[in-house]
Amino acid sequence: METVKLNNGVEMPQLGFGVFQVTDLEQCEQAVVDAISSGYRLIDTAAAYQNETAVGRAIKRSGVDRKELFITSKLWVSDANFERAQKAIETSLDNLGVDYLDLYLLHQPYGDVSGAWRALEDAYKAGKIHAIGVSNFYADQLKNLELSNEIKPVLNQIEVNPWYQQNSEVNFNQGEDIRVEAWAPFAEGKHDIFANKTIKGIADKYNKSNGQVILRWLLQRGITVIPKSVHKNRMEENIDVFDFKLTDDEMKVMNGLDKGESQFFDHRDPVTIEQIFGTSLAKLK
Ligand code: NAP
């Protein structure tokens with residue numbers, strides 16, 4: 001697996017495996033075991049996914065040395081202040097059964113973000129987390145976090161897929177040397193993405209699938225990808241993207257697919273923020 005160097009010097013795989021919405025813990029454990037045996041080394045979970053324990057069991061079952069794996073988890077908004085974040089980090093380490101996390105993210109730009117960030121900085125300095133970053137932060141929120149704290153985020157995990165390309169946000173992050181990691185690289189299949197004729201026109205040329213072309217397009221934009229699947233054949237397909245390269249013209253065709261709006265929700269909409277705070281885990285006082 002090819003790696004990239006984050007702004008703190010840590011090496012991170014360019015492609016990983018996400019476990020959002022894999023709520024059946026046995027299925028999650030098996031999926032992560034299958035992913036690791038298929039060659040994935042980066043696993044992306046979160047406290048809010050409620051499957052860290054299953055990921056932890058899979059890590060042990062995999063037989064792969066912990067040092068070869070790159071484990072990411074995230075702090076939910078219900079723990080977004082200094083004291084709660086300190087405890088949440090310990091809980092994630094316990095749930096996963098690991099001594100350290102490779103990467104830990106503030107899941108959302110809400111709550112007492114600076115307080116929570118200071119807890120991440122402390123855990124980073126103590127060696128409990130090897131790199132700290134954020135998710136769903138827009139450029140202004142990111143700049144504010146950067147300027148009001150000591151340690152700069154290494155990465156921002158945001159929605160990027162052919163329907164929502166977020167060019168200005170991607171450019172901003174890359175200009176700040178903050179790695180962009182795409183969540184929902186397939187837009188969770190929306191708008192029949194796996195059968196889209198434009199993408200298929202490119203895929204057929206390389207004897208690849210639409211999913212593989214999408215991942216290749218993201219990788220060639222310098223973006224890390226974390227596709228999710230509970231099917232081993234699809235995991236194998238999704239990691240098999242390092243033996244072809246899209247031309248500049250094909251990249252332009254993919255760039256032309258942008259619909260310019262999130263396929264899920266607008267993180268700036270107050271209703272979205274209320275919904276996120278309203279989820280069962282969000283009891284921040
Ligand atoms: P996604 O990866 O865009 O899409 C997953 C969907 O695509 C699943 O329904 C999967 O079905 C299907 N699929 C996967 N590979 C396929 C293939 N080769 N052919 C056909 N179908 C395929 O969506 P996502 O899970 O939302 O995003 C990926 C990861 O990003 C998550 O798992 C999570 O780790 C992270 N994420 C983060 C945030 C955040 O706020 N930070 C938000 C969302 C997601 P099967 O499983 O049935 O194969």
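Atoms within each ligand, like the ligands themselves, are counted from 1 in listed order. Bear in mind the structure is a predicted one, so any value in this text is a computation, not a measurement.
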Margin query: Is it the case that ligand 1 has an N or O less than 3.5 angstrom from some N or O of K74?
Written below: no

Next item on the list: Enumerate the atoms of ligand 1 whose separation from the nearest heavy atom of D44 is less than 4.0 angstrom.
Entry: 33 (C), 34 (O), 35 (C)

Margin query: Tell me if the centroids of the rings in F137 and H107 come within less than 6.0 Å of each other.
Written below: no

Notebook entry, point to check: Would you say S135 contacts ligand 1, with heavy atoms under 4.0 Å as the rule?
Noted result: yes

Next item on the list: Say whether P227, considering both its backbone and side-chain N or O atoms, lies within less than 3.5 Å of an N or O atom on ligand 1.
Entry: no

Note to self: Tell me whether A184 has any N or O atom under 3.5 angstrom from an N or O of ligand 1.
What the structure shows: yes

Next item on the list: Under 4.5 Å between side-chain heavy atoms, chaining through other members, with only Ile, Leu, Val, Met, Phe, Trp and Tyr counted: pull out the rest of the cluster around F264, sorted by chain and number.
Entry: W183, F265

Item checked: Top protein contact for atom 3 (O) of ligand 1, by heavy-atom distance -> F186 N, 2.8 Å

Notebook entry, point to check: Could D248 and K252 be called an ion pair, given the rule that one side-chain N must be under 4.0 Å from one carboxylate O?
Noted result: no

Next item on the list: Could you tell me which atoms of ligand 1, counted from 1 in the order shown, lie closer than 4.0 angstrom to a heavy atom of N136?
Entry: 39 (C), 40 (O), 41 (N)

Next item on the list: Using a strict cut-off of 4.0 Å, indicate which atoms of ligand 1 neighbour a heavy atom of H231.
Entry: 45 (P), 47 (O), 48 (O)

Checklist line | F17 heavy atom under 4.0 Å from ligand 1 | finding: no

Item checked: Any side-chain donor near an acceptor of the partner, S73 and E52, under 3.5 Å -> yes

Margin query: Side-chain heavy atoms nearer than 4.5 Å, only ILVMFWY residues, links allowed to pass through others: does that put V98 and L69 together?
Written below: yes

Check: Heavy atom under 4.0 Å from ligand 1: found in N238's side chain, backbone, both, or neither?
Finding: side chain

Check: Of all the heavy atoms in G189, does at least one lie under 4.0 Å from an atom in ligand 1?
Finding: no

Check: Heavy atom of S209 under 4.0 Å from ligand 1?
Finding: no

Notebook entry, point to check: So which protein heavy atom does atom 31 (C) of ligand 1 come closest to, and at what separation?
Noted result: F20 CB, 3.3 Å

Margin query: Heavy atoms only, cut-off 4.0 Å: how does E237 contact ligand 1, side chain, backbone, both, or neither?
Written below: side chain

